[in-house]
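In this text the structure is predicted, and so the values were computed from the model without any measurement. A note on names: the letters A, B, ... follow the listed sequences, proteins ahead of strands, and every chain is numbered from 1.
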Protein chains: 2
Amino acid sequence: MMANSLTMKIATWNVNSVRSRIPTIERFLKRVEPDVLCMQETKVRDDDFPVEAFSALGYEVLFAGEKSYSGVATASRIPMKLIARGFDGDGAEDAARLLAVEVQRIPIVNSYVPQGRDPKDERFQYKLRWFARLREWLDERYTPRKRLLWVGDMNVAPEERDVHAPQRLSNHPDFHPDARRAFAETAGWGFVDCFRLHNDEDQQYTFYDYRDTKSVEKKHGWRVDHIMATKPLAKLCSAAWIDIQPRLGENPSDHTPLLAEFDL
Amino acid sequence: MMANSLTMKIATWNVNSVRSRIPTIERFLKRVEPDVLCMQETKVRDDDFPVEAFSALGYEVLFAGEKSYSGVATASRIPMKLIARGFDGDGAEDAARLLAVEVQRIPIVNSYVPQGRDPKDERFQYKLRWFARLREWLDERYTPRKRLLWVGDMNVAPEERDVHAPQRLSNHPDFHPDARRAFAETAGWGFVDCFRLHNDEDQQYTFYDYRDTKSVEKKHGWRVDHIMATKPLAKLCSAAWIDIQPRLGENPSDHTPLLAEFDL
DNA sequence: GAAGCAGCGG
DNA sequence: CCGCTGCTTC
């Protein structure tokens, strides 16, 4: 390794309420020591964000939340700069679903893509447009020829091997052809799926529905959380993995952390 | 001690939801090993009562509950017989505030006296009548010349030394002169306050209001939980004390267990 | 199933 | 402050 080389470990995790998950998150940070943790579904107003739990472990944290629903936050133990909350800067509509920061001169876009409810629901159309809107947002600000990360809960399983029952689930908002196409369009801006760079197996899931009893044992999972890197950054990705440990411990989220490491 | 002598340790505790308090109750039972534990504010329908948690520790348990509010239950590690739920037997009105059992041929009346809200409220009159009704209920069935116990959350601090601010609290439903008189009337049927048999100090409290922040440190307490014995039984009372340990542990109730020991 | 909230109650 | 219910969301 060169003297000035630096490894950056980044994690994305839909925590399903940052406040109720604090002990689980603390165990994760202590054990895994990611440089950056991108969280989704924090479900907390910015005024009530538990900053102290993160600073006590040496992390700065930036957030864009609202009451009850959604909410994204990014914690970093290396210096971090705020780029944007929501698509149109501070206080924008839907700010609680997009948070862009810069770490080590790399823009990190943390997103919680709308779930879409049902392909017949108008909120599904909103989901499809959300992906298009993100591609435009990226295009106006960045180029895929430079280092950039897009991570988060995308609410899309890209391929058949990313769900446990591809036939049955083709009408699910997270596996409907239109959703997969919308995700692929934005990924097509210039992203590489870091997990798939290093893992070819099926049944690699980051989400198990709470309501589906024994879904973990039955392997009824979904791979809907992703770490997407532009090509110049993807080249530096040395590893990517799903960390199942928080699921085995106390008070797990329905999502599991996804990690990637980059040799900068 | 005689060969056939038996010590009976009895506890009363407003647990403020038996289900959310199970771990705290388990620690209490293991550490203190009472023979009988009378609980109030169990806040659970009989169908949902967590019987298993008690049987696992060697206790039978009888209960008279309703959804959300009130509810009384008595656990015993020595054989116990059901006498009555509510004033008029099974399925009676207000059954969730009175449970009578018999242990070692001693009737034990476990009661959760209505709080009364405010002396101006009509529910305060109901509280006063409740005490009168209990005295009648006792008179119809028992005699103070025999062994009997009346325990529970009486929602009355009998004397000035039993509250932290007697002047200020004289209009509180738990210290209003009418409430104190109503309690004294029923106690006058033939009861001795077992705690006062063995403790003369003031500031001996069994309740600290959750809403009064730092009430414990400020000693803003109330002695509203009582173990009352008829004279022939009071003679056998060898000790009575408040167990503050559950308050120092995890997930405490706003009430603290009160205990008494009898050498039968 | 497990979060959040409002509204009620002690 | 801390339970409960009943509602909503994912």
Side-chain angles (χ1 to χ4, degrees), chain A residues 14-22 24-25 39-45 48-49 65-71 96-97 112-118 121 123-124 126-127 153-156 172-174 206-216 220 222 224-225 247 250-255, chain B residues 14-22 24-25 39-45 48 65-71 96-97 112-118 121 123-124 127 153-156 172-174 206-218 220 222 224-225 247 250-255:
Chain A
N14 177 323
V15 293
N16 187 17
S17 170
V18 68
R19 285 175 296 181
S20 75
R21 210 71 58 208
I22 281 296
T24 309
I25 294 170
M39 291 163 278
Q40 302 84 37
E41 284 208 83
T42 53
K43 293 185 177 178
V44 66
R45 292 183 313 133
D48 298 332
F49 196 95
E66 66 188 5
K67 200 208 277 190
S68 274
Y69 307 116
S70 310
R97 292 186 176 277
Y112 173 51
V113 177
Q115 197 256 0
R117 207 129 234 262
D118 188 282
D121 195 295
R123 275 165 288 195
F124 186 70
Y126 179 70
K127 174 182 190 166
D153 178 356
M154 312 296 185
N155 265 313
V156 170
H172 189 284
D174 283 14
T206 62
F207 170 69
Y208 296 88
D209 197 322
Y210 277 141
R211 289 161 290 183
D212 183 353
T213 35
K214 306 219 161 111
S215 60
V216 179
H220 281 191
W222 304 73
V224 292
D225 301 275
R247 174 166 308 288
E250 295 221 323
N251 199 25
S253 167
D254 43 359
H255 289 256
Chain B
N14 178 322
V15 293
N16 187 16
S17 169
V18 69
R19 285 175 297 181
S20 74
R21 208 72 56 210
I22 280 295
T24 309
I25 295 170
M39 292 163 277
Q40 302 85 38
E41 285 209 81
T42 54
K43 293 185 177 180
V44 65
R45 293 184 313 134
D48 298 332
E66 66 188 6
K67 200 207 279 193
S68 273
Y69 306 116
S70 310
R97 292 187 175 276
Y112 174 48
V113 177
Q115 197 257 0
R117 211 128 228 270
D118 187 282
D121 196 296
R123 277 165 287 194
F124 186 71
K127 175 183 190 166
D153 177 356
M154 312 295 183
N155 265 313
V156 169
H172 189 286
D174 284 15
T206 62
F207 170 69
Y208 295 88
D209 198 323
Y210 277 140
R211 289 162 290 183
D212 182 353
T213 36
K214 308 229 162 101
S215 59
V216 178
E217 297 93 295
K218 292 185 293 180
H220 281 192
W222 304 72
V224 292
D225 301 275
R247 173 165 309 286
E250 295 222 323
N251 199 26
S253 169
D254 44 358
H255 289 255

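Between B:Val156 and B:Val113 the shortest side-chain heavy-atom distance does not fall below 4.5 Å.
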key: Worked verdict on B:Lys43 versus B:Asn16 for side chain to side chain contact (heavy atoms under 4.5 Å, CB included)   = CA-CA 7 Å; B:Lys43 293 185 177 180; B:Asn16 187 16; 2.9 Å; yes
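Atoms CG (B:Asp254) and P (D:dC4) sit 13 Å apart, rounded to a whole Å. Spacing between atom CZ of B:Phe207 and atom P of C:dG10 amounts to 11 Å, rounded to whole angstrom units. Between the CD atom of A:Glu66 and the P atom of C:dC5 there is a distance of 11 Å, given to the nearest Å. In this structure, B:Arg45 places its CZ atom 10 Å from P of D:dG6, rounding to the nearest Å. At whole-Å resolution of the value, CZ in A:Arg97 and C1' in D:dT9 are 11 Å apart. We find that CZ of A:Phe124 is positioned 14 Å from P of D:dC10, with the value rounded to whole Å. A:Asp153 places its CG atom 10 Å from the C1' atom of D:dC10, with the value rounded to the nearest Å. Whole-Å rounding puts the A:Arg247 CZ to C:dA2 P distance at 12 Å.
In this structure, the separation between CD1 on B:Ile25 and CG on B:Asn251 is 10.0 Å, given to the nearest 0.5 Å. Note that CZ of B:Phe207 is 8.0 Å distant from CG of B:Asn155, once rounded to the nearest 0.5 Å. In this structure, A:Arg117 CZ and A:Lys127 NZ are separated by 12.5 Å, a value rounded to the nearest 0.5 Å.
Here D:dG3 is the nucleotide among C:dG10, D:dG3, C:dG4 with the atom lying nearest to any side-chain atom of B:Ser17. With D:dG3, D:dT5, C:dG1 as the choices, the nucleotide that has an atom nearest any side-chain atom of A:Thr213 turns out to be C:dG1. With distances taken from any side-chain atom of A:Ser68 to the nucleotides D:dC1, C:dG4, D:dC10, the minimum falls on C:dG4. Picking from C:dG1, D:dT5, C:dG10 the nucleotide with the shortest atom distance to the side chain of A:Tyr210 gives C:dG1. The listed nucleotides are D:dC2, C:dG10, D:dT5; the one nearest the side chain of B:Arg21 is D:dC2. For A:Tyr112, counting side-chain heavy atoms from C-beta on, the closest listed nucleotide (C:dG10, D:dC10, D:dG3) is D:dC10.
The residue A:Asn251 sits close only to the backbone: its heavy atoms come under 4.0 Å of sugar-phosphate atoms, none of a base.
Look at A:Asp153 and A:Arg97 and you find no salt bridge, because none of the NZ, NE, NH1 or NH2 atoms lies under 4.0 Å from a carboxylate O.
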Please list, for nucleotides 6-9 of chain C, all pairs of protein and nucleotide N/O atoms separated by less than 3.5 Å.
residue : atom : partner : partner atom : Å
C:dA6   : OP1  : A:Lys67 : NZ           : 3.1

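More than 12 non-hydrogen atoms from other residues, nucleotides or ligands lie less than 6.0 angstrom from CD of B:Glu217.
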